[in-house]
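Written below as structure tokens is the structure these notes are about.
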Amino acid sequence: MDRLRLDLAHPLRSFGLELALDVGGEAVALAGPSGAGKTSVLRAVAGLLRPERGRVVLGAEVWLDTDRGVDLAPEDRSVGLVFQDHALFPHLTVAENVGFSGRARVEELLQRFRIAHLAGARPTELSGGERQRVALARSLARDPKVLLLDEPTASLDAHTRAAVRLELRDLLHEIDIPTLLVTHDFEDAAALAARVGVLVDGRLVQIGSPTDLVRAPADPFVASFTGGNLLAGRARRGDGGLTEVALDAGGLLFSTDAIDGRVGAVVHPWEVSVAREMPADSALNHVTAPIAALVPTGNRVRVRVGPLTAEVTAASVERLGLRPGEIVIATFKATATRLVPLA
Amino acid sequence: MRRPFEVTLWVACGATLLFLVLPLAAIFLRIPPVELFRQLGDEAAVDAIVVSLKTSAIAHVVILVVGTPAAYLLATRRFRGRSTVLTLIELPLVLPPAVAGLALLATFGQRGLLGDTLDALGVQVSFTQVAVVLAVIFVASPFYLRQAIAAFEAVDPHLTDASRTLGVGPFGTFRRVALPLARGGLGAGSTLAFARGLGEFGATIMFAGSLQGLTQTLPLMIYAQLDQDFDVALAVGALLVVMSFVILLVAKLSRPWTGSVSILLTRSDRSASS
């Protein structure tokens, strides 16, 4: 296995993309808002976009070195690129798509991706999940040394997404090559990648394990991206290691993070509990507000209470008889409240 | 109010159809079909058929072989002056044929731009079969180019990108992805260009003349026979009507997704068919 090293600089519409990465036999997710330059990174590695300045090196092979005038054509770089829209050839069958690169492993790949029964079908006859499997099989037919996945689950419906995510995770565990995947979905990033790099306006604001990102978000975008609540306010360190945050929207919060000034308080939905009466427990933070919405996600329900989102089990919603409009108390602990500096 | 309006629509439609179809029918109605067919055996008619088919075929091969890669480049690259190039390519479509003939004479004629050069090489272009081929290419190629550019533009760039990342070079990608996906549009453009070339009259008569057996194509032959043998002219006319009908049919069948007579409106139906 060869390591993929890249160092890119390329002007995009309203900012410059600048990124350096070193990827071994692991999957690294590039996450960030749309238009942050994530797809440009994949295109530059594949050779479909020539960056203004940069280097892309795989092991000892130099794919791109703008200083030395090296720029290998896409067909000369050993990459597998799975496009967001899959880009299956509509005039070819599934088997012809998978065999497009001319390698003779078509049968084996069709079996492995459970699409052998679709060998003679046209891409338009396939479901989203099937198209995804065909695109993956096709990209691996070349035995690439680098795998690039652009928004692998974005074009799928919620139900298929969960299944495809599991399949992808198993696949990425199996193949031992540098993999870059672009996503705007933290659950994808967390499920598929060992490391997640967050790209905002062309720059890597943080890179780390998914849990690192959740535990210590470096930036408000990272906090909201990982799914946490983000409440803006002004922090003032108080006695006993407790920081007091006066929220912009009114009210007080407590956190064990020692920081002063403008902050965003980050709380994860699963750290927030919902009750009808003020609980007599150790939690310091309480928000009393009407329920704005109840959104089921799987066996859990996201309950929107004022500025907060709480995630509770469907059984709890049932037991408490929660309905939109009812006033409830959302509670979370000061130790579960992260404070990140705001610009 | 509704009835008179309805009646007006039907009357207008009937009048249109009558006006367009009656002259074509007249060609076939003046003399019986068997006699019409026999007139095609006329020596001048046979010569004209040979000249027309030969020059059209050569011109068409040139249009396809040169026009297809040119159209692919114009469809897939963005460069300064691209829209100017596209406009220049379409100019012969609206140019009066007499001007086209004049332009060709001014370029390849004895006193033309390249006249001295061609003279020095001992090449005579005007009033030869080469002139017929050049005239046909000049007036017919824009029909193909326009359709071909539109057809290649409609090929999703992600598909050609995917082909490249699968290890297939630019030419392989053109041959295995772009060409098959643009096939419908290329076929329609090719048929239209062939039809336009077969009917070429104005530029040819000015640039190539109307010499029987050499430069006299079918349309020129009709014109020449008007004063001599009207029945032969009718027979050749009937032949061209049948050929045109077949060409139109082929064009429509090669693009089954176009619902109406819109093969000329590539620009607007591109988005609908992509």
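Every chain is numbered from 1, with letters handed out A, B, ... down the list of sequences. Since the model is a prediction, treat every value here as computed from it, not as a measurement.
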(Q) With a 6.0 Å cut-off (strictly less than), is the heavy-atom count around CZ of A:R50, excluding the residue itself, greater than 12? (A) yes
Q) CZ of A:R13: more than 12 outside heavy atoms within 6.0 angstrom? A) no
Q: Using a heavy-atom cutoff of under 4.5 Å, enumerate the residues of residues 66-74 of chain A that contact chain B, numbered in order, or state 'none'.
A: A:A73, A:P74
Q) Which bit of A:R138 is near chain B, if near means a heavy-atom gap under 4.5 Å: side chain, backbone, both or neither? A) both
Q) Are any of the side-chain heavy atoms of B:D161 and A:R43 separated by less than 4.5 Å? A) yes
Q. Any side-chain heavy atom of A:E75 within less than 4.5 Å of one from B:S163?
A. no
Q | N/O donor-acceptor pair under 3.5 Å between B:R176 side chain and A:F100 backbone | A | yes
(Q) Is it the case that atom CZ in B:F245 sees more than 12 heavy atoms from other parts of the structure closer than 6.0 Å? (A) no
**Q.** Spatial distance of atom CZ (B:R164) from atom CG (A:L81) [nearest 0.5 Å]
**A.** 13.0 Å
Q.
Within this structure, what is the CG-CG distance for the pair A:N97 and B:L166, rounded to the nearest 0.5 Å?
A. 9.0 Å
Q | Proximal component of B:L181, with respect to chain A [non-hydrogen, under 4.5 Å] | A | side chain
Q) Are B:D156 and A:F89 side-chain neighbours, meaning at least one heavy-atom pair lies under 4.5 Å? A) no
Q | Residue, of A:D76, A:D85, A:V82, that accumulates the most heavy atom pairs under 4.5 Å with chain B | A | A:D85
Q. Can you tell me how far the NE2 atom of A:H91 sits from the CZ atom of B:R183, to the nearest 0.5 Å?
A. 8.5 Å
Q | Side chain / backbone / both / neither for A:L88 at chain B, heavy atoms under 4.5 Å | A | backbone
Q: Let me know if A:S78 has heavy atoms under 4.5 Å from chain B in its side chain, its backbone, both or neither.
A: neither
